[in-house]
Amino acid sequence: MNSILSDRIINMEESATLAMAKKARELKSQGIDIISLSLGEPDFKTPKHIQEAAKAAIDEGKYFSYPPVAGYQDLREAIAKKLREENQIADAKAENIVVSTGAKHSIANVFMCMINEGDEVIIFSPYWVSYAEIIKLAGGVPVLIEGTLENNFKATAAQLEAAITPRTKAVIYSSPCNPTGSVFSKEELEAIAAVILKHDNIMVIADEIYELINFVGKNYSIGSFPGMFDRTITVNGFSKGYAMTGWRVGYICAPLFIAKAVEKMQGQFTSGGTGIAQRAALAGISGDQTPSKEMAEAYFRRRALVLDLLQDIPGIKTHVPEGAFYFFPDVTAFFGKSAHGHTIKDADDLCLYLLDIANVSLVTGAAFGAPECVRLSYAASDEELVEALKRIKKALGDLA
Ligand code: PMP
Ligand code: GLU
């Protein structure tokens, strides 16, 4: 059968986040009481006014045909306005915006449009699972620069500079970061921008999908810094800040030649994002922002709750995340230990052990470029979090 499938798909890693979520769902359907802290997905419902906008759009009957490939004009204008006013990306215009089927699709479009065989893309690591696979799919070579727990997992501008070669095409990071929750400060981003501006043909992809879940105050967009508009592709979407994962709406803001290329690519692949979902997204971006703020406050509260519980588990080492909804603790203290017929060699084993013995699903840090860690999503109710951490503490305590 292998000859039917392409090398492309055979060599591609499955998304570890989605694979773990699938496993947890399967065990739940067998009646096992699994607490799933693996998937990075808000546990809130899409705000009511956004739901209503989608219903109204259906009733209007105007949005059943193919939408424009780059997205509805009014949505592109609303996104550009938001980027100008809230992110200080002064040059953002509707023509720079391309709406896609989720930010994951936006990122795939961008890499498919920019990468030639053998081009290198520097990834700030730990990094979100899909970056490396999408880069490889496009024929590129991911080059990791690694942050450590001691510096809040943030690789530096100096590391970036050292990793640049004549083949470097782009640099990608997320801030707030999935999986670490770290947020780049203005100074850190200025230092990164200074490195980029020294090199003519390198673009930055700034993944800002968690921008509304930021506990340290302001989110800085590198695309707003002097000289950086032409060198930046800002990626964002509605999944996290508006609890709209299933609606599948994301976007880029990019220099015109890239926006045009992405539109062309999308014209051959999907013909553009879903019409009704775009109407919902428009209500999200231009309507009442209170629900998004309330969700961010809930994550902030839960961060304190989980931090307390994690710090109470001997062997767990964690930093304090500044945004998103993940903890990314170091779990090396448990490597080499055994219990209940399991021996823990690495973070993969630890996740399987916790799934089996504590019935809690996490994701191995190996999927994010940090095999000494695990990722815990706290986008779950307080009750689930308290119970999950109690079970994790007990199961880890059994390891000897
Ligand atoms: N970037 C990051 C860092 C993410 O965590 C996610 C999560 N899904 C995405 C992009 C893609 O988001 P979506 O496709 O749901 O818009
Ligand atoms: N971004 C989320 C996560 O990291 C959702 C799953 C995915 O798209 O990979 O868990």
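In listed order, ligands and their atoms are each counted from 1. Only heavy atoms go into these numbers, but all of them, side chains included; no hydrogens, no water, no symmetry mates.
Criterion: ILVMFWY side-chain heavy atoms under 4.5 Å apart, direct or through other members. Under it, Ile97 and Ile252 are not part of a common hydrophobic cluster. Phe238 and Met295 sit in two unconnected hydrophobic clusters of ILVMFWY residues. Membership requires side-chain heavy atoms under 4.5 Å apart, directly or through other members.
Taking the centre and axis of the six-membered ring of Phe335, the NZ or CZ atom of Lys337 falls outside the cone set by 45° and 6.0 Å.
With Glu86 as the partner, the side chain to side chain contact (heavy atoms under 4.5 Å, CB included) test is satisfied by one option alone out of Gln88, Lys82, Arg84: Lys82.
Atom-to-atom distance recorded for Arg25:CZ and Gln30:CD is 14.0 Å, nearest 0.5 angstrom.
Taking the six-membered ring where the residue is Trp, Tyr378 and Phe327 present tilted rings, their angle falling between 30° and 60°. A perpendicular orientation is assigned to the rings of His319 and Phe153, their planes being inclined by more than 60° (bins at 30° and 60°). The aromatic rings of Phe225 and Tyr220 are tilted relative to each other, their planes meeting at an angle between 30° and 60°.
The six-membered or imidazole ring of Tyr326 lies near that of Tyr210, with a centre-to-centre distance under 6.0 Å.
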One line per pair, note the atom names and distance for all nitrogen or oxygen contacts under 3.5 Å between ligand 2 and the protein.
unit_1	atom_1	unit_2	atom_2	d
ligand 2	1 (N)	Trp128	NE1	3.4
ligand 2	1 (N)	Lys240	NZ	3.2
ligand 2	4 (O)	Trp128	NE1	3.1
ligand 2	4 (O)	Asn178	ND2	3.0
ligand 2	4 (O)	Arg375	NH1	3.0
ligand 2	8 (O)	Lys104	NZ	3.1
ligand 2	9 (O)	Thr17	OG1	2.7
ligand 2	10 (O)	Gly40	N	2.8
ligand 2	10 (O)	Arg375	NH2	2.8

Could you list, one pair per line, each nitrogen or oxygen of ligand 1 together with any protein nitrogen or oxygen closer than 3.5 Å, giving atom names and the distance rounded to 0.1 Å?
unit_1	atom_1	unit_2	atom_2	d
ligand 1	1 (N)	Asp207	OD2	2.6
ligand 1	5 (O)	Asn178	ND2	2.7
ligand 1	5 (O)	Tyr210	OH	2.7
ligand 1	8 (N)	Lys240	NZ	3.2
ligand 1	14 (O)	Ala103	N	3.1
ligand 1	14 (O)	Lys104	N	2.9
ligand 1	14 (O)	Arg248	NH2	2.8
ligand 1	15 (O)	Ser239	OG	2.6
ligand 1	15 (O)	Arg248	NH1	2.8
ligand 1	16 (O)	Ala103	N	2.6
ligand 1	16 (O)	Ser239	OG	3.3

